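Quick note on labels: first sequence line is chain A, next is B, and so on, each numbered from 1. From a predicted model like this one, the values you see are computed outputs, not experimental measurements.
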Number of protein chains: 2
Amino acid sequence: MSATLQDVAALAGVSIKTVSNVVREYQHVRPSTRARVQAAIDELGYVPHSLARRLATGRTGMIAFALPAIETPYFAELAAVVSTEIGGFDYRLLIEQTAGGLADERAVLRGREQGLIDGLIFQPTVLDAEAIEQLRGSTPLVLLGEIAAPPTVDHVMVDNIAAARAATFHLLHSGRTRIAFLGHVPTGGHATAGLRARGYLSALADSGAHRDDDLLIPMTGFGAFAAEAAVVDALEAGVRFDGLVCFDDLAAIGAMKALARSGRVVPDDVGVVGWDDILMSQFTSPGLTTVRPDKSALTRTAFRMLRERMDGADGPGRHELVGFDLVVRGSTAS
Amino acid sequence: MSATLQDVAALAGVSIKTVSNVVREYQHVRPSTRARVQAAIDELGYVPHSLARRLATGRTGMIAFALPAIETPYFAELAAVVSTEIGGFDYRLLIEQTAGGLADERAVLRGREQGLIDGLIFQPTVLDAEAIEQLRGSTPLVLLGEIAAPPTVDHVMVDNIAAARAATFHLLHSGRTRIAFLGHVPTGGHATAGLRARGYLSALADSGAHRDDDLLIPMTGFGAFAAEAAVVDALEAGVRFDGLVCFDDLAAIGAMKALARSGRVVPDDVGVVGWDDILMSQFTSPGLTTVRPDKSALTRTAFRMLRERMDGADGPGRHELVGFDLVVRGSTAS
DNA sequence: TTGTAAGCGTTATCAG
DNA sequence: CTGATAACGCTTACAA
């Protein structure tokens, strides 16, 4: 097994407290003692045992990021930012995938990691405010995304309704008249999809544009394949549109493939807008117009709020909005 | 603070040992006792403290996956598979990003997490066998990827030379004569790039095809942008080719964009092959022909070897190859 | 079947 | 400046 403080202390002929002092770079250690201890450390190849240290200090130095699926580009990109961000504060990242499942989301909040992590950043997809309120333990928590957060917990999100309105207006202003929304989820199923659809609908209403239930194209599941299938179905069912607001970039990419296969040209026949501005959106042809959430502000804000909670901040949940841009590329050229 | 075994024991009027037995679902507990304890647990909302448990048992239940960058689709997809895989064995995943940097790679091996994790799956990019051998601590370790592994540690990889040969021959057999390789890194810099270039060169040699140093297109850095820039440069420098083997799918996607911008048509003017079969490769137009490593076998094998090591298996490092397919799509149609 | 007590490897308090 | 010694919360012989 690995060497312990005891071993080092024995070899150096001092108490473990002194070794501990050396290891933690405590100032008041006589240089000669320090040298002797250091020699023993080197000889034994001693490395502190994180767990024990963490148990003793009560600080684990780990924060968990619970997200639906790490292979979704948006979340992978977010995780990368979080990881880098917290690394600067000497935290490590524990990734938890919930697969968007109710059971997993509960388990995450239930404090499966009770005592293992100092804080949790969590993007739920199906849990509602009440459930979150009820299930959450004492671990500092910051929520990401579009769910309605309970009043007691911190929450960061993009204004999805405003962004969806901006996307829809952008299509309308380029002269398109029949705008569809891809990614509709029947009532209550999915908070994010719901908000985006609401923004889309409100833009249609405000502009007096054509509105039709057929233009709410449902998707069973998420991702590019589901989107492709959904658009194929809609086209075959005779739904006609010249603009398409998509749930996210993956959906937009799937949609563009379906459109191409059916002989429609983007942007001439149909203008397409995505959401997230994942890296790939710059490499589709044409490039994908998309809502770009300020990922950096999102993670930075979330981590700041989490730190404040971990430092013991009390008080009601705070709710912060971060900005977005509409990045215009070829898919909506007019 | 959270409730502890003590609290529960006090409330239930039993010893902490009994509570512990109930929590760990130890069989021989009198039902009435169990019920009383369970009631106390529920009342207090007791959740076991993972750290303490882990310290006592010596098993932490965490394995780390150290990879260059989580936002790279290939690694994100791999991480997703690993996460799911180990979840089935009740392990959790700690993600470590090395950013392909020497310092970070050392730190990972150095056992920064000494005692925090039960095992480590590590995909190095710059560390060589000797350094790995020297730096690794006592934590069970499995290496992923193309570096030359030291003889003492387990290692799983795809036969990169064979795969690069297959990709190159595929282009040659479709009648192309000037095949370039995108992603060349001058000597020794990058093991993966080196092996793939070697496979490419050996296929050219075996088939007597045209070979030219200009056809080794260098990239500064990785990813789609770097690839796009590299191809633009090569074309401007007058390099001519009708087939292109790319370091990975991202590079291929960047290359296709550069080719399109220069008025070249894929696959008519240039056939393109990628590597990894990331999700997006099915959504480019045309679809991207690519080397598909058997990700599932890769992670499954790695985790199996790691489990064996964590169970105390001794012996020299094992070296396993997992398979690959060449997935043919539109980008190399002839 | 249940309780007592000794760790697990640190940190932290308080004398000396 | 350094040494005992008590936590941290749990598991696990060993007893009862």
Side-chain angles (χ1 to χ4, degrees), chain A residues 1-38 40-41 44-62 111-118 137-139, chain B residues 1-38 40-41 44-62 111-118 137-139:
Chain A
M1 270 298 112
S2 312
T4 75
L5 276 188
Q6 299 272 14
D7 303 333
V8 177
L11 179 60
V14 298
S15 82
I16 70 171
K17 175 55 163 56
T18 304
V19 181
S20 175
N21 282 342
V22 171
V23 170
R24 283 176 302 126
E25 303 185 342
Y26 180 65
Q27 292 308 318
H28 308 285
V29 178
R30 191 183 302 157
S32 64
T33 311
R34 179 184 299 280
R36 196 148 39 93
V37 170
Q38 189 58 53
I41 289 177
L44 266 39
Y46 167 78
V47 180
H49 186 112
S50 333
L51 269 198
R53 168 177 292 177
R54 289 156 204 256
L55 179 60
T57 53
R59 176 199 189 264
T60 73
M62 280 197 289
R112 182 163 54 178
E113 305 314 350
Q114 173 75 259
L116 179 57
I117 56 173
D118 292 331
S138 51
T139 307
Chain B
M1 271 299 114
S2 312
T4 75
L5 276 188
Q6 299 272 14
D7 303 334
V8 177
L11 180 59
V14 297
S15 81
I16 72 170
K17 173 56 161 55
T18 303
V19 181
S20 174
N21 282 341
V22 171
V23 170
R24 284 175 302 122
E25 304 186 338
Y26 180 66
Q27 292 308 317
H28 308 285
V29 178
R30 190 182 301 156
S32 64
T33 312
R34 180 185 298 281
R36 194 148 39 92
V37 170
Q38 189 58 53
I41 289 178
L44 265 40
Y46 168 78
V47 180
H49 186 112
S50 329
L51 268 199
R53 168 176 291 179
R54 289 157 205 259
L55 180 60
T57 54
R59 175 195 189 268
T60 73
M62 282 198 289
R112 182 164 54 178
E113 306 312 352
Q114 174 73 261
L116 179 57
I117 57 174
D118 291 332
S138 51
T139 307

Closest to side chain of A:Ala56, choosing from C:dT2, C:dT11, D:dG3: C:dT11
Distance, rounded to the nearest Å, where B:Tyr26 contributes OH and D:dC10 contributes C1': 17 Å
B:Ser20 side-chain N/O to B:Ile16 backbone N/O, donor-acceptor pair under 3.5 Å: no
Between C:dT10 (C1') and A:Glu25 (CD): distance, integer Å: 16 Å
Below 4.0 Å: OP1/OP2 of D:dA4 and any side-chain N or O of A:Ser15: no
Minimal non-hydrogen separation, A:Thr4 against A:Tyr46, with atom names: C-CE1, 3.7 Å
Atom pair distance, as rounded to whole Å: CG in A:Leu116 and C1' in D:dC8: 15 Å
Touch class at under 4.0 angstrom, heavy-atom based, for B:Arg24 against every strand present: base
Side-chain N,O (B:Thr18) to OP1/OP2 (C:dT2) below 4.0 Å: no
N or O in side chain of B:His49 less than 4.0 angstrom from D:dC10 OP1/OP2: no
Side-chain N or O of B:Arg53 closer than 4.0 Å to phosphate OP1/OP2 of C:dC8: no
Nucleotide of C:dT10, D:dC8, D:dA4 approaching A:Leu55 most closely (side-chain heavy atoms): D:dC8
Nearest-Å distance for atom pair CG/P, residues B:Leu44 and D:dG9: 14 Å
A:Thr57 side chain near C:dT10 phosphate (N/O to OP1/OP2, under 4.0 Å): no
Nearest-nucleotide 5' precedence on DNA chain D, B:Ala52 against A:Thr33: A:Thr33
Spacing of B:Arg59 atom CZ relative to D:dC10 atom C1', expressed in whole Å: 15 Å
Protein-nucleotide distance (B:Lys17, atom NZ; C:dG7, atom P), rounded to Å: 17 Å
Between C1' of D:dC8 and CG of A:Leu51, the distance in whole Å: 12 Å
Non-hydrogen side-chain atoms of A:Arg36 and A:Thr18 separated by less than 4.5 Å: no
Rounded interatomic separation in angstrom, taking CD1 from A:Ile16 and P from D:dA4: 10 Å
Touch class at under 4.0 angstrom, heavy-atom based, for A:Val23 against every strand present: nothing
